[in-house]
Each structure stands twice: as structure tokens, then as C-alpha cells.
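Since the model is a prediction, treat every value here as computed from it, not as a measurement. For the numbers below, each heavy atom of this structure counts, side chains included, while hydrogens, waters and symmetry mates do not.
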Amino acid sequence: MIKRQATTAAEPRKDALVAAAYQILATRGFEGLRTREVAAAVGVNIATLHYYFPHKEDLIRGVVAYAMGRFRGTLGGAGSAEDQLRAHFRGLRRLSREEPELFAVMAELAIRGVRDASLRKIVGGTDDAWRAMLRTLLRRAKDEGAVAAGLDPDGMAAVIVATLKGTFMLPASEPENVERTFRQLESLVGLRATRSKAARVRARI
């Protein structure tokens, strides 16, 4: 019982350290990320930070997990594959408007990953999971007749991930370009031109 209570009490502090590192990455980039400043922002000493994150890479891994969790929150849920794909794009649009710092962090991770093999491995794993979820949804949408019969789910999933990772690089001051990117992706997938299943049923009645 005591051990479980101690672990539970520690979680908010660990989460606070990840949140502080996330905010520093968003505003100052990797060059501005200093573990002592992260610790100070939470009101703990550097030894406490190292207790939770023995290496800076562990802290960055926590930031990646948090950031990707925000993206994964736009995937899944109930409804058809078409509905879930639409919800995914809507959710990403909302994140780009309401949490521009998320795009800034993902851009920093992508840029730094080119030069840092260990970080590239961490980010690459999350990209693989994202592509896999999109492939599954696109295959289901194809089976449901919600997208073009000739669509390649594997290729399209790769295009979506690569395009949106490029979109992370756009500054928050360019919302019209972000929106243009989303519209083009939806058109490419066939979502904007495809009616919902309910609309198709009504049309046949």
C-alpha cells in the first residue's frame, strides 16, 4: 500500500517535468533545453529530475510520448473508418489552431532527429505507429467504399504522415497554409468528395 501511494504521489511531479521540457522546446528549441532550467521551472533540484529521468534522452522520450499522445487522441473512437478519418483531420486542424506549440515541438523533434540517431529512433517508432493506424483506417474505408477503389492504403498513409510532418514546420502565423494542406490531403484521399454512409442511404431512398 505504501509503495503504491508513493508512486501515485510521484506522477504529478514527473508529468510536470515533461510539461516544462515541452514548453521550453516549443519556445526555445533544443538549443534552449537545459535540464537545470527544467528542474527549476518545476521547483525541484537537478537530482530530483535525474531520479525520474536519469538521462536527457529519457526526458525527451517523455516529451515525445506526450506530444504523440495529443496526436493519437485524434485517432480511434466509434463510427466507420470514413468517420474516423474525418475526425482525425478535424482533430489535427483543432490542434493546429489551439495548440500551435505542439506543432513547434514536433518540428523541433523532426529537425533534430536528422542529426541525432537516438532521437530519430524514438520519433521513427511513433511515426511507424501513426502510419500503421492510418493504413488500417484507409483499408477499412476502401472496403466500405468510402474512398476510391484504386487507392493504395500503404502509400497514402505514408503520404499523409510525410505531408503533415512537413506541415509541422509551418509557423503558427500561417494558418491558411495549414488549412490548405489539410484540404488537399482530404481531396487526395477522397473524403471531401465522398458522402457519408447516411447520405448515400438517403440518396437511394
So do the side chains of Met156 and Asp152 get within less than 4.5 Å of each other, counting heavy atoms only?
-> no
Donor-acceptor under 3.5 Å (Arg36 side chain, Ile46 main chain) = no
Donor-acceptor contact present, side-chain Arg131 to main-chain Ala157, <3.5 Å = no
Return the minimal non-hydrogen interatomic distance between Ala20 and Val42, and the atom names on each side.
-> CB-CG2, 3.9 Å
Pairwise distance OG1(Thr35) to CG(Leu17) - rounded to 0.5 angstrom = 10.5 Å
Go through the steps for Val189 and Ile160 under the test side chain to side chain contact (heavy atoms under 4.5 Å, CB included), then give the verdict.
-> CA-CA 9 Å; Val189 173; Ile160 292 171; 4.0 Å; yes
For the side chain of Ser187 and the backbone of Arg183, is there at least one donor-acceptor N/O pair under 3.5 Å apart?
-> no
Just how far is it from atom OH of Tyr22 to atom CG of Leu59, taken to the nearest 0.5 Å?
-> 14.0 Å
Sidechain-backbone polar pair: Thr74 side chain, Arg70 backbone, donor-acceptor under 3.5 Å = no
Is the backbone of Ala148 close enough, under 3.5 Å, to the side chain of Lys142 for a donor and an acceptor to pair up by distance?
-> no
Begin from the C-alpha positions of Leu164 and Phe103 and carry the test side chain to side chain contact (heavy atoms under 4.5 Å, CB included) through to its verdict.
-> CA-CA 10 Å; Leu164 291 179; Phe103 277 49; over 6 Å; no
Look up atom CG in Leu102 and atom CG in Leu25, then write down how far apart they are to the nearest 0.5 Å.
-> 11.5 Å
Taking Lys14 for the side chain and Tyr52 for the main chain, is one N or O donor matched with an acceptor at less than 3.5 Å?
-> no
Nearest-0.5 Å distance, CZ of residue Arg180 to OG1 of residue Thr167 | 11.5 Å
Before giving the answer on side chain to side chain contact (heavy atoms under 4.5 Å, CB included), spell out for Thr163 and Gln184 the whole-Å C-alpha distance, their side-chain angles and the decisive distance to 0.1 Å.
-> CA-CA 10 Å; Thr163 302; Gln184 189 60 39; over 6 Å; no
Nearest heavy-atom pair of Glu101 and Gln23: which atoms, and what distance?
-> CG-NE2, 4.4 Å
Between OG1 of Thr181 and CD of Glu176, what distance do you get to the nearest 0.5 Å?
-> 10.0 Å
Taking Thr48 for the side chain and Val44 for the main chain, is one N or O donor matched with an acceptor at less than 3.5 Å?
-> no
Close side-chain approach of His55 and His50, heavy atoms under 4.5 Å = no
Are the side chains of Glu82 and Leu191 in touch, meaning some heavy atoms are under 4.5 Å apart?
-> yes
Any donor-acceptor pair under 3.5 Å from Glu108 side chain to Phe30 backbone = yes
Quick one: closest heavy-atom pair of Ala81 and Leu137, and the distance?
-> CB-O, 3.4 Å
Minimum heavy-atom distance between Gly79 and Gln84, given as atom pair plus value = O-NE2, 3.0 Å
For Arg34, which residues count as a side chain to side chain contact (heavy atoms under 4.5 Å, CB included) partner, sequence neighbours excluded?
-> Glu37
Would Leu33 and Ile60 count as a side chain to side chain contact (heavy atoms under 4.5 Å, CB included) if you check the C-alpha gap in whole Å, the side-chain angles of each, and the deciding distance to 0.1 Å?
-> CA-CA 10 Å; Leu33 183 62; Ile60 293 172; 4.3 Å; yes
State, with a plain yes or no, whether a side-chain heavy atom of Arg97 is found less than 4.5 Å away from one of Val178.
-> no
Specify the closest pair of heavy atoms between Ser80 and Arg140, including all atoms of both residues, with the distance to one decimal.
-> C-NH2, 4.0 Å
Taking all non-hydrogen atoms of both residues into account, name the closest pair between Phe53 and Val18 and its distance.
-> CZ-CG2, 3.5 Å
Using the salt bridge (Lys or Arg N to Asp or Glu O under 4.0 Å) rule, take Arg93 and Glu186 through it: C-alpha gap first, then chi angles, then the decisive distance, then the call.
-> CA-CA 12 Å; Arg93 275 187 171 91; Glu186 288 172 328; 2.9 Å; yes
Heavy-atom side-chain proximity of Arg112 to Glu31 below 4.5 angstrom | yes
CD1 of Ile111 to CG of Asp116, rounded to nearest 0.5 Å, is 13.5 Å
